[in-house]
Visitor: 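First, the structure itself, so that you have it in front of you.
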Amino acid sequence: MLSTEITFHHLLPLHKTDKFFHHHQHKKPFRTTGVVIKSSSSSLQEIKKPPLLSEWESIALPSVSAAKRVVLVRHGQSTWNAEGRIQGSSDYSVLTLKGESQAETSRQMLIDDSFDICFSSPLTRSKRTAEIIWDSRKEEIITDSNLREIDLYSFQGLLKNEGKAKYGEAFHQWQTDAPNFSIDGHYPVRELWARARSCWTKILTHESKSILVVAHNAVNQALVATAIGLGTEYFRFLLQSNCGVSVLDFTPKPQGVSPDICLNRLNQTPSSPVGAGSSAGRKTSMRIILVSHGFSQNDEQGSIPFHGDSPMNMLGTIQAQKTAELLLDVKVGTIVSSREIASVETAKTISRVQEAADCLGADCVPRYVETKQVQYLDVGDILKQTKQDLTKFQPFNSGWLKGLEEEIKTELWDQSGKVWKCLLDELSKGSEQENVVVAIGHPALNIAMMGHCLNLSKEWMGSFHLDAGSISVIDFPDGPTGRGVIRCINYTAHLGRWSIPITRSVLDDDDF
């Protein structure tokens with residue numbers, strides 16, 4: 001194991017949400033059995049990053065009187081998923097056996113959660129997934145036609161190679177510039193974003209506090225993006241895998257304005273998030289994995305949570321080991337860590353397991369991992385400057401970074417920009433075929449780096465959440481100079497019984 005200490009300096013340029021286009025669809029009743037369901041209304045040179053989002057742009061979501069948690073689930077694998085056929089909002093595919101199994105895994109993952117209500121797309125593949133997850137719960141499932149998948153008109157039913165052959169330039173635009181893609185006189189992605197806003201109006205005005213929504217890939221992307229204020233340029237950059245779970249928290253604000261919104265989790269999948277796969281339909285082996293170090297002994301003594309300036313406690317040690325085991329599914333090239341003790345210990349654990357990959361049966365030869373310590377990954381001194389009582393964040397509440405003073409958020413944001421540049425530089429050192437960089441640090445820094453990846457600004461830091469021991473995965477299908485695709489945020493399933501539950505029982509605002 002090679003180890004060095006390095007420093008880097010960089011700040012990234014930053015984009016603006018586009019306008020929403022409204023599109024109305026007629027609602028139709030749907031029926032099912034076993035559960036009560038109610039119907040209701042290119043090359044690197046071509047890559048363009050969206051402009052920097054420097055200010056929060058409200059999408060005027062309805063106010064909420066109490067805290068709400070919304071859990072989004074994409075349906076399991078369908079027959080047309082397996083065939084590589086374009087589904088859109090058509091309703092001719094059903095779940096495969098694998099899709100049924102994925103839905104069952106999601107059911108078990110959510111079995112102890114006290115949902116008040118379930119909204120579902122009326123399409124068969126989503127409805128069936130909802131039925132499996134909802135199981136014996138007595139509350140009805142409400143279907144909403146606005147939760148159907150993106151309308152792709154003449155593309156629907158075609159195999160992808162048929163779409164390319166038949167539609168040529170239009171199909172190429174769908175793959176490379178989806179927000180501006182038009183077909184049959186429609187702009188599908190723009191229509192979808194408008195439809196997602198309508199969905200939020202219905203979901204948030206429902207009296208329930210804990211809500212399950214089962215829908216589709218594109219519409220779930222649009223729901224996540226519109227909730228946190230991102231435009232259509234983010235289509236395909238917030239992945240939604242089959243039966244992937246995403247969680248959004250809505251916290252009431254005074255005077256009846258739109259609530260504070262935090263993406264607590266994105267795309268927690270039934271299978272490993274670091275296994276082989278594609279990002280937005282493109283194969284990729286270039287990846288940055290952000291690891292939040294586990295709990296340290298300081299966390300037991302009432303100091304700044306996750307500060308990491310002391311050895312990990314027993315829980316933190318278990319979290320590091322579980323993360324190392326998960327990362328056996330991928331060949332890590334470089335580990336970059338903070339100089340703080342908890343991060344260094346986590347890096348050593350991951351490195352030891354990687355280098356024993358042949359003995360553990362994960363590889364036919366030993367893996368050699370370079371480890372580096374970067375001073376800009378140390379953020380404890382920044383967080384110590386706050387006058388807030390950080391000891392009340394144990395564990396951190398969703399969106400806790402919004403409570404920090406502006407000067408501290410600015411310093412954290414600037415420092416995270418330097419680290420993000422460091423990680424991109426490390427990624428560019430690998431071969432064009434494969435390179436995986438693991439970065440280990442404080443959750444606050446990892447949140448800020450995801451903001452840089454998405455080309456946001458510091459105002460968005462409170463819109464994301466990370467738990468101790470979590471991982472977040474960012475793919476680069478167009479290489480390190482292209483846009484990063486977020487595969488998952490705050491993935492904790494690998495921690496088993498030591499993980500934070502996907503959802504929590506919502507008893508009252510304080511407990512929430």
Visitor: Under 6.0 Å between ring centres, would you say that holds for F181 and Y187?
Guide: no
Visitor: Picking from V64, D249, L61, what satisfies side chain to side chain contact (heavy atoms under 4.5 Å, CB included) with I261?
Guide: L61
Visitor: At what distance, to the nearest 0.5 angstrom, does OH of Y153 lie from NE2 of H186?
Guide: 4.0 Å
Visitor: Give the minimum heavy-atom separation between T269 and S241, together with the two atoms involved.
Guide: CG2-CB, 3.6 Å
Visitor: Look up atom CG in D151 and atom CD in E191, then write down how far apart they are to the nearest 0.5 Å.
Guide: 6.5 Å
Visitor: Locate the shortest heavy-atom distance separating T205 from K202; write the atom from each residue and the value.
Guide: OG1-O, 3.3 Å
Visitor: Side chain of Q354, backbone of V330: donor and acceptor closer than 3.5 Å?
Guide: yes
Visitor: What distance do F476 atom CZ and C453 atom SG have between them, rounded to the nearest 0.5 Å?
Guide: 5.0 Å
Visitor: Check the side chains of S78 and Q87 for a donor-acceptor pair under 3.5 angstrom, ignoring hydrogens and angles.
Guide: yes
Visitor: Check whether W193 forms a cation-pi arrangement with R190 (NZ or CZ under 6.0 Å from the six-membered ring centre, at most 45° off the ring normal).
Guide: no
Visitor: Given S154 and D184, is the side-chain hydrogen bond (donor to acceptor under 3.5 Å, both in side chains) satisfied, shown in steps?
Guide: CA-CA 7 Å; S154 295; D184 300 334; 2.6 Å; yes
Visitor: Looking at G484, is its backbone amide N or carbonyl O close enough to the side chain of D478 to form a donor-acceptor pair, meaning the two atoms are under 3.5 Å apart?
Guide: no
Visitor: Do H206 and F119 make the cut of ring centroids closer than 6.0 angstrom?
Guide: yes
Visitor: Looking at F237, does the NZ or CZ of R483 lie under 6.0 angstrom from its six-membered ring centre and within 45 degrees of the ring axis?
Guide: yes
Visitor: Shortest non-hydrogen contact from G76 to L95?
Guide: O-CD2, 3.3 Å
Visitor: Do we see a donor-acceptor contact under 3.5 Å between the side chains of R265 and T492?
Guide: yes
Visitor: Side chains of S246 and N267: do they bring a donor and an acceptor to under 3.5 Å?
Guide: no
Visitor: N490 side chain to S470 main-chain N or O, any donor-acceptor pair under 3.5 Å?
Guide: no
Visitor: Answer with yes or no whether the side chains of E149 and S89 bring together a donor and an acceptor at under 3.5 Å.
Guide: no
Visitor: Evaluate W174 against F235 for ring-ring contact (aromatic ring centres under 6.0 Å, His included), listing each step before the verdict.
Guide: CA-CA 11 Å; W174 164 240; F235 180 62; 5.8 Å; yes
Visitor: Of the options T143, V71, L212, which is the one that meets C118 in a side chain to side chain contact (heavy atoms under 4.5 Å, CB included)?
Guide: L212
Visitor: Using only atom types and a distance under 3.5 Å, with no angle test, would you say the side chain of H452 pairs donor to acceptor with the backbone of G417?
Guide: yes
Visitor: Does the Lys NZ or Arg CZ of R128 fall within the cation-pi geometry relative to W134 - under 6.0 Å from the ring centre and within 45° of the axis?
Guide: no
Visitor: Is the closest side-chain donor-acceptor distance between E104 and Q108 under 3.5 Å?
Guide: yes
Visitor: Please round to the nearest 0.5 Å and tell me the distance separating atom CD1 of I440 and atom CG of N446.
Guide: 9.5 Å
Visitor: Going by atom types alone, do R74 and Q240 pair a side-chain donor with an acceptor below 3.5 Å?
Guide: no
Visitor: What are the two closest heavy atoms between S93 and R125, and how far apart are they?
Guide: OG-CD, 3.5 Å
Visitor: Might you point out which heavy atoms bring V369 and V332 nearest each other, and give the distance in Å?
Guide: CG2-O, 3.7 Å
Visitor: Between Q221 (side chain) and R236 (backbone), is there a donor-acceptor pair under 3.5 Å?
Guide: yes
Visitor: Is there a donor-acceptor contact under 3.5 Å from the side chain of W80 to the main chain of I86?
Guide: no
Visitor: Measure from the side-chain N and O atoms of R195 to the backbone N and O of R148, and report whether any donor-acceptor pair falls under 3.5 Å.
Guide: yes
Visitor: Could you measure the distance from the CG atom of L290 to the CG atom of L445? Nearest 0.5 Å is fine.
Guide: 8.5 Å
Visitor: Between the side chain of D358 and the main-chain N/O of D363, is any donor-acceptor distance below 3.5 Å?
Guide: no
Visitor: Establish, from distance only, whether the side-chain atoms of D116 and S210 form a donor-acceptor pair under 3.5 Å.
Guide: no
Visitor: Donor-acceptor pair, S126 side chain versus L123 backbone, under 3.5 Å?
Guide: no
Visitor: For the side chain of Q102 and the backbone of P270, is there at least one donor-acceptor N/O pair under 3.5 Å apart?
Guide: no
Visitor: Rounded to the nearest 0.5 Å, what separates atom CD in E139 from atom OG in S208?
Guide: 8.5 Å
Visitor: Can you confirm whether more than 12 heavy atoms, excluding those of I111, are under 6.0 Å from its CD1 atom?
Guide: yes
Visitor: I need the minimum non-hydrogen distance between T124 and D91, along with the two atoms involved.
Guide: N-OD1, 2.8 Å
Visitor: Assess the side chains of H494 and E325: does a donor N or O sit below 3.5 Å from an acceptor N or O?
Guide: no
Visitor: Going through the distances and angles, do D425 and K421 end up as a salt bridge (Lys or Arg N to Asp or Glu O under 4.0 Å)?
Guide: CA-CA 6 Å; D425 288 344; K421 174 58 168 62; 2.6 Å; yes
